[in-house]
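The structure appears below as C-alpha cells.
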Amino acid sequence: MAFNRRRQSSDRYLCRELLSRSGGRLWLHPYSAPLFGDPLPPGILCAEDFLEQAGDSDCCFWEARPAVLPRRPIRQIVLYRWNRRYPSDLRFPMDLTKGWELTARRDFPGFSHEIITEETYMTCET
C-alpha cells in the first residue's frame, strides 16, 4: 500500500472510478484528499478515523497510512492492483484467502497505468 510513508502510485482514472462506485459517500484519510481535487467533490468526507466513522453503506478509500480496522464487520473489499510491482513497506493487513470470496475481477485502463485490476471480495462469514 505504501513505501517509505508515501503512496506507491496514483491514477486519476482510478479516483474517478472510486467516486462513481461510492454512490455518493466516500470516506478517506486527509492524506488522500488531494487525489480528488480542491475543492473536494460533494460526498467525500475526510477524517483520521474514517474507517470508524463510515456508516454501514458508505465506501472507504484506504491507502498509504496505517489504519485501525473498524469494530463492526466489513462485508465487501474492493482491491485495486497496478499492472506493475512497486516496493512496499506497508501492506494490506487482511488475509483475503481466509473468510473471503473473490466475486468479481475486471481490468480497466488507467491514466498513468496501462491496466488497473479491480478485485471484489465478499465475506464468507455470517
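Everything numeric here is computed off the predicted structure, so don't read it as measured data. Residues take their numbers from the sequence shown, with the count starting at 1.
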Next item on the list: Please examine the side chains of Ile77 and Thr123, heavy atoms only from C-beta on, and report whether any two atoms are closer than 4.5 Å.
Entry: no
Next item on the list: If the plane angle is over 60° it's perpendicular, under 30° parallel, otherwise tilted; pick one for His113 and Trp82.
Entry: parallel
Item checked: Expected output: side-chain Arg75 to main-chain Asp56 donor-acceptor under 3.5 Å -> yes
Next item on the list: May I ask you to test the Ile74-Tyr121 pair for a side-chain heavy-atom distance under 4.5 Å?
Entry: no
Check: Hey, what do you get for CD (Gln76) to CE (Met122), rounding to the nearest 0.5 Å?
Finding: 5.0 Å
Notebook entry, point to check: Hey, what do you get for CZ (Arg21) to SG (Cys59), rounding to the nearest 0.5 Å?
Noted result: 7.0 Å
Next item on the list: Determine the minimum heavy-atom distance between Cys124 and Trp100, stating which atoms define it.
Entry: SG-C, 3.6 Å
Next item on the list: Kindly give the heavy-atom pair with the smallest separation between Glu48 and Pro30, and that separation in Å.
Entry: N-CD, 4.0 Å
Check: How far does SG of Cys60 sit from CG of Leu51, to the nearest 0.5 angstrom?
Finding: 5.0 Å
Next item on the list: Measure the OG-CG distance between Ser112 and Leu14 for me, rounded to the nearest 0.5 Å.
Entry: 9.0 Å
Check: So which heavy atom on Ala33 is nearest to which on Leu40, and how close?
Finding: O-CD2, 3.4 Å
Notebook entry, point to check: Are any side-chain N or O atoms of Thr103 and backbone N or O atoms of Thr120, one a donor and one an acceptor, separated by less than 3.5 Å?
Noted result: yes
Margin query: Check for me, please, whether Trp62 and Leu79 land in the same ILVMFWY cluster - side-chain distances under 4.5 Å, paths through other members count.
Written below: yes
Margin query: Between Leu26 and Leu19, is there a side-chain heavy-atom distance shorter than 4.5 Å?
Written below: yes
Check: Just wondering, do Tyr80 and Glu119 contact through their side chains at under 4.5 Å, heavy atoms?
Finding: no
Notebook entry, point to check: So, do Gln53 and Leu45 sit near enough that their side-chain heavy atoms are less than 4.5 Å apart?
Noted result: no
Check: Which value, rounded to the nearest 0.5 Å, describes the distance between Ser22 atom OG and Asp58 atom CG?
Finding: 9.0 Å
Note to self: Looking at Phe111, I'd like to know if its CZ atom is crowded, meaning that more than 12 non-hydrogen atoms belonging to other residues, nucleotides or ligands lie closer than 6.0 Å.
What the structure shows: no
Item checked: Residue pair Tyr13 / Ile116, side-chain heavy-atom distance below 4.5 Å -> no
Notebook entry, point to check: Hey, what do you get for NE2 (His29) to CG (Asp49), rounding to the nearest 0.5 Å?
Noted result: 9.5 Å
Margin query: Looking at Arg105 and Glu118, is any side-chain nitrogen of the basic one under 4.0 Å from a carboxylate oxygen of the acidic one?
Written below: no
Next item on the list: Measure centre to centre between the rings of Phe36 and Phe61, then say whether the value is under 6.0 Å.
Entry: yes
